[in-house]
S.K.: 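I have a structure here, written as structure tokens, and I will follow up with some questions on it.
In what follows, chains are A, B, ... by sequence order, proteins preceding strands, each numbered from 1. Values reported hereafter were calculated over all heavy atoms of this structure, with side chains retained and with hydrogens, waters and symmetry mates removed.
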Amino acid sequence: MEARADAHIPRPETVEHVLVDTEEALAAWVAEGLEAGVVAVDTETDGLTPMRANLVGISLATRPGRACYIPLAHIDPSTPKEGAGGLDFGDGAPPPRQVPLARALAILKPLLEHPGVLKVGHNIKFDWQMFAKHGVTVAPIDDTMLRSYVIGGGRHGHGMDELAQRHLGVTTISFDEVTGTGKNRITFDRVPLDKATAYAAEDADITLRLWHVLRHDVLADRMVTVYETIERPLVPVVARMEMEGVLVDRQVLKELSNDFAKRLVELEAEIHVLAGRTFNVGSPKQLGEILFDEMKLSGGKKSAKTGAWSTDSSVLEELADLGIPICQKVMDWRQFAKLKSTYTDTLGEQINPGTGRVHTSFALAATSTGRLSSTDPNLQNIPIRTEEGRKIRRAFVAAPGNRIMSVDYSQIELRIVAEMAGIPALQQAFRDGIDIHAMTASQVFNVPLDQMTSEIRRRAKAINFGIIYGISSFGLSRQLGISAGEAGAFIKAYFERFPELQAYMEKTKAEAARDGYVRTLLGRKCWIQGIQEKGARKAYAERQAINAPIQGTAADIIKLAMIKLPGALAEAGLNARMLLQVHDELLFEVPDAEVEATSALVRQVMEGAADIGIPLVAEAGVGLSWAEAH
DNA sequence: ATCGCTTAG
DNA sequence: GTCCACTAAGCGATT
């Protein structure tokens, strides 16, 4: 099935990859696209982040083997680079003949916006954004990367080069081959037009050919509903969200950086005194040698891989609890070093000079469970758990006249477990709206609710989390700091109280072993690598198999809510903008006067995004910053 | 490039 | 007997 010579779309008999550099030729391609009803589109730019990149050229494919490249902003390769020094006028040959960008977009717009012509891209979110920046709203769309993702999420990658090889047996021209690598790399606008045409037209051609194959494969794999109701409609929603960006207050970050720098200097000096000599506190290797070779502390563990002393937080915490002062200092140092290097020093540099806001990129096909991920910068792991870290959220602010609103699902993964595993006791608890951790604690440890202690509740909460992670006595014992035997007894008690859960877990593992994948409630496939193996690898795969349907169903549900929200807000005449998604939370910027109406509507849409049986609950918080809203 | 560690849900 | 209780991304040190 994988590397078959494809039965549905033969290899093109002729390959025409042509350069388009006149308006007449471009108009003819547009006519051809309108006639075809399906075109593949690809944009070439001078950068990877759409909010900073400039459009350099566009390629179109109208049938397999027939594609063109329309250069728009190419310059002569000998033109001196910006900022390279020297006089920047008069050097280099004049630019090659090209259709003026505005003219080209005007000619292409009727095709790209035509409701009867499907525009296919590979990761079309990027291209959609490039066109949106120039006033073109591409629709309807299709995406070969996302088609591959719904079929093979967790089993293989979804890059175009990889898919071309696997599905078409074609080795594509690599980007590196065209632009060079390292410090010799040139931006695409300097690539000579013959090379640029060969590369860019091929990309559109391959995308169209992949579309023919993957359209069939998604259908044959019965993944059409997931693709058409979740992945595809999410593209313009996430595209707009990224372009909106979030307002970040540089001054707040600057002050925090200064504060953290001061603390780091102090802590470093104290650590060196306690160590008896100077060393690089940021080097785990040197720290391990100080603690376990020189200070001869006990309780050291060597990592299996490199044989180096482990100095992670669990090790340091144990030693700190024994009253070893250097360990607490190192933990504090690490916290500030992390906050400064990853957040306060870096986020300010990510503010886009054009918009004054920070635009993350959400990857739509990066995880094995259906979750999004966030990069450049990652805005899904902004600190919240410690007081110092949480201060960073003060820098994420609303524009004047607006508020930040955070709306998150309450206990969504446990609700999903209760539903998928069919656990009546848990389902009833959620219907009654009672404290779920206290309730499970009461059931598992035989403690009446009115005699519940925070310690017992804490243990039950840890077990509830453990269930979601594909519980093991080893993992739970580490989490709770108890023996594996005790942890095993807790798990046994839990299964006795909720026997449906154990049955569900066994069934899920068996399915994964039989099929190689598991499914979410909405039908998404999550492939599980290593489930056919033995021992620890199999156990690991089994825990993934337990977790994936739970995490993946939550991902499906919030995606459905995101898809519904723009229309629901518009229909209600509300002007809130969705800014971020953090797995079970959506962040909005809301006009002051619309806070109440928006809060009610967003909660309603999120709670009604999917009917999983038991009710979903969403809770909203509002403030001038993300810190206040949460 | 990879490791070790830390941040989030 | 097991690097791993699940999913991610990024930084500095090290190779």
S.K.: May I ask you to say whether Glu496(A) pairs ionically with Lys492(A), meaning some side-chain N is under 4.0 Å from a carboxylate O?
M.R.: yes
S.K.: Can you pull out the residues from residues 241-266 of chain A that lie within a 4.0 Å heavy-atom distance of DNA chain C?
M.R.: none
S.K.: Would you call Glu628(A)-Arg394(A) a salt bridge at under 4.0 Å N-O?
M.R.: no
S.K.: Does a side-chain N or O from Ser472(A) land closer than 4.0 Å to OP1 or OP2 of dC4(C), or not?
M.R.: no
S.K.: For dA9(C) and Ser374(A) - does any side-chain N or O of the residue sit under 4.0 Å from the phosphate oxygens OP1/OP2?
M.R.: no
S.K.: Mind listing the residues from residues 498-525 of chain A sitting with a heavy atom below 4.0 Å of DNA chain B? Number order is fine.
M.R.: none
S.K.: Any chance the rings of Tyr494(A) and Phe490(A) have centres within less than 6.0 Å?
M.R.: no
S.K.: Measure distances between side-chain N and O atoms of Arg385(A) and base N and O atoms of dG9(B), and say whether any donor-acceptor pair falls under 3.5 Å.
M.R.: yes
S.K.: P atom, dC3(C) versus dG4(B): distance in rounded Å?
M.R.: 13 Å
S.K.: Name the atoms and distances for all side-chain donor-acceptor pairs under 3.5 Å in residues 502-513 of chain A, with sequence neighbours left out.
M.R.:
residue	atom	partner	partner atom	Å
Glu506(A)	OE2	Lys509(A)	NZ	3.3
Thr508(A)	OG1	Tyr504(A)	O	2.8

S.K.: Hey, does the side-chain of Arg334(A) have a donor or acceptor N/O within less than 3.5 Å of a partner on the base of dT6(B)?
M.R.: no
S.K.: Ignoring backbone atoms, establish whether Tyr540(A) has a side-chain N or O less than 4.0 Å from OP1 or OP2 of dT7(C).
M.R.: yes
S.K.: Would you call Asp176(A) and Arg185(A) a salt bridge, using N to O less than 4.0 angstrom?
M.R.: yes
S.K.: Regarding Lys538(A) and Glu533(A), does a basic nitrogen lie under 4.0 Å from an acidic carboxylate oxygen?
M.R.: no
